[in-house]
Amino acid sequence: MLNVSNVSRVFGKKAAVDRISFTVDKPGFVGIIGRSGAGKSTFLRMMNRLTDATSGQIFVDGTDILALKGAAKRAWQGQCAMIFQQFNLVPRMDVASNVMHGVLNRRSTLATMFNLWSEADITRALSILDRLGIAEQAPKRAEALSGGQQQRVAIARALMQDPKIILADEPIASLDPMNAQIVMDALHRIHTEDGRMVIANLHTLDTARRYCDRVIGMRDGRIVFDGTPDLLTTSAARDIYGADASFSEAATSTSIDTLPRDQNYATTLLGA
Ligand SMILES: Nc1ncnc2c1ncn2[C@@H]1O[C@H](COP(=O)(O)OP(=O)(O)OP(=O)(O)O)[C@@H](O)[C@H]1O
Ligand SMILES: [Mg+2]
């Protein structure tokens, strides 16, 4: 369903992403890892057309999404929702309205200005929040929520778009281990239950090993690893991160391996 073919992005003289190619046959949970500056964010931004590629093609179900223009480009952006490290919610706006902003591009400017949501939008937003275990937060201002709750609101906003692909750029980098697990479990569930593809830039190896069925390692804009998590050996990790301090940092920081995955998911969510 996804075929990335020779994609590059050059800034000045430097290739941030340097002729990368890979194919994903089914809607997988793909993790992209690599040290700072490897090109992970640039790749995700090209996927959803926030950044233009310098060359190459990205085929999604046969369509080169890098060639889309105008309404077709906006339609594609609606199909690949983006989740950011810093949540990017409107802090003073209530949670439900933040979620409904996920369908902004389908509504008129006037309706948006006056926050005139349809009943169908409201019902849908509430049911998505309920699914993520935070329905009771709906009337609160986004800024009043914990980081983990805010990231779940951002996921709810993404789901409101009913996206084909969810792109997550370091979704748990600002969270403590417990909230990191809740957010990763939520993304994983959305992937398994809805069959949506998730592509997540992750900054720890153990998170990639634990949640992804495919891991892509980038270094200096190139793909230096592409395989299942069990192939991600210490020596493979050294190729990705280099044999210096960054690797041990990546291997050990914010480990959520100590927490049981998906166990008592509902209890965890309700208790959060
Ligand atoms: N708008 C830009 N203008 C110039 N250079 C850029 C721009 N965006 C990214 N770069 C450069 O491209 C390279 C890749 O950056 P990118 O943000 O994709 O890395 P990353 O893997 O996401 O890193 P991090 O883990 O720190 O988020 C870096 O050298 C960066 O300085
Ligand atoms: Mg980045």
Side-chain angles (χ1 to χ4, degrees), residues 2 4-22 24 29-58 65-66 73 77 80-89 147 150-151 154-155 158 165-175 177 180 183-184 187 197-212 214-227 229 232 236-256:
L2 172 66
V4 176
S5 172
N6 251 327
V7 170
S8 296
R9 169 68 213 218
V10 179
F11 291 111
K13 284 188 176 160
K14 187 182 167 9
V17 171
D18 192 6
R19 290 163 290 163
I20 66 170
S21 298
F22 63 93
V24 185
F29 197 115
V30 182
I32 303 182
I33 58 173
R35 53 198 293 178
S36 183
K40 307 179 296 295
S41 296
T42 304
F43 172 67
L44 281 199
R45 293 170 62 82
M46 288 191 284
M47 275 292 301
N48 88 335
R49 302 293 310 274
L50 283 170
T51 296
D52 282 330
T54 306
S55 58
Q57 286 103 29
I58 298 179
I65 56 102
L66 294 181
K73 174 179 159 184
Q77 288 175 321
C80 58
M82 192 96 173
I83 291 172
F84 302 90
Q85 177 179 347
Q86 292 304 335
F87 327 131
N88 291 17
L89 303 175
Q150 289 194 45
Q151 192 61 298
I155 294 171
I165 301 184
I166 294 184
L167 305 171
D169 196 357
E170 314 246 5
I172 57 168
S174 302
L175 303 177
V183 165
M184 285 306 295
L187 283 173
M197 171 136 130
V198 177
I199 307 180
N201 290 346
L202 297 168
H203 76 291
T204 61
L205 271 177
D206 42 280
T207 310
R209 281 201 183 103
R210 192 157 184 221
Y211 287 94
C212 303
R214 171 90 167 265
V215 179
I216 289 174
M218 289 184 71
R219 184 173 180 173
D220 298 331
R222 308 294 305 265
I223 292 180
V224 294
F225 176 87
D226 181 356
L232 202 50
R238 207 163 272 133
D239 289 343
I240 300 167
Y241 291 101
D244 57 48
S246 311
F247 162 54
S248 50
E249 250 169 59
T252 55
S253 60
T254 46
S255 171
I256 55 175

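Along the sequence shown, the residues carry numbers beginning at 1. No experiment lies behind these values; they were computed from the predicted model shown. Order of appearance sets the numbers: ligands from 1, and atoms from 1 within every ligand. Only heavy atoms go into these numbers, but all of them, side chains included; no hydrogens, no water, no symmetry mates.
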Would atom 7 (C) of ligand 1 count as contacted, meaning some protein heavy atom under 4.0 Å?
yes
Against S174, only a single residue in Q151, Q86, Q150 fulfils side chain to side chain contact (heavy atoms under 4.5 Å, CB included); can you say which?
Q86
Quick one: does G37 get an N or O within less than 3.5 Å of an N or O on ligand 1?
yes
Look at the side chain of R214 and the backbone N and O of G31, then say whether any donor-acceptor pair between them is shorter than 3.5 Å.
no
Does CG in D220 sit with more than 12 non-hydrogen atoms of other residues, nucleotides or ligands closer than 6.0 Å?
no
Using a 4.0 Å cutoff against the non-hydrogen atoms of S41, which atoms of ligand 1 qualify?
17 (O), 18 (O), 20 (P), 22 (O), 27 (O)
Where N48 and C80 come nearest, the two heavy atoms and their spacing
CB-SG, 3.2 Å
Check: V10 main-chain N/O paired with T54 side-chain donor or acceptor under 3.5 Å:
yes
Would you verify that at least one protein heavy atom lies under 4.0 Å from atom 25 (O) of ligand 1, or report that none does?
yes
K14 heavy atom under 4.0 Å from ligand 1:
yes
Quick one: nearest non-hydrogen protein atom to atom 12 (O) of ligand 1, plus distance?
A16 CB, 3.1 Å
Hey, is the Mg ion (ligand 2) within less than 2.8 Å of some N/O/S atom on T42?
no
What residue and heavy atom of the protein are closest to atom 2 (C) of ligand 1, and at what distance?
F11 CE2, 3.4 Å
Look at ligand 1 and say whether M218 reaches it with a heavy atom at a distance under 4.0 Å.
no
Taking only non-hydrogen atoms of E170 and a 4.0 Å limit, the atoms of ligand 1 in range are 25 (O)
Any donor-acceptor N/O pair, T51 side chain to M46 backbone, under 3.5 Å:
no
Is any N or O atom of A38, backbone or side chain, closer than 3.5 Å to an N or O atom of ligand 1?
yes
Backbone or side chain, does any N or O of G39 fall under 3.5 Å from an N or O of ligand 1?
yes
Which residue, E170, R35, R45, forms the side chain to side chain contact (heavy atoms under 4.5 Å, CB included) with K40?
E170
In the protein, which heavy atom is nearest to atom 21 (O) of ligand 1, and how far is it?
K40 NZ, 2.8 Å
If you count the atoms of ligand 1 from 1 in the order shown, which ones are under 4.0 Å from a heavy atom of T42?
9 (C), 14 (C), 15 (O), 16 (P), 18 (O)
The reported gap from CD1 in I32 to CG in D226 (rounded to nearest 0.5 angstrom) is 10.0 Å
How long is the straight-line distance from CG of L44 back to CG of L50, given to the nearest 0.5 Å?
9.5 Å
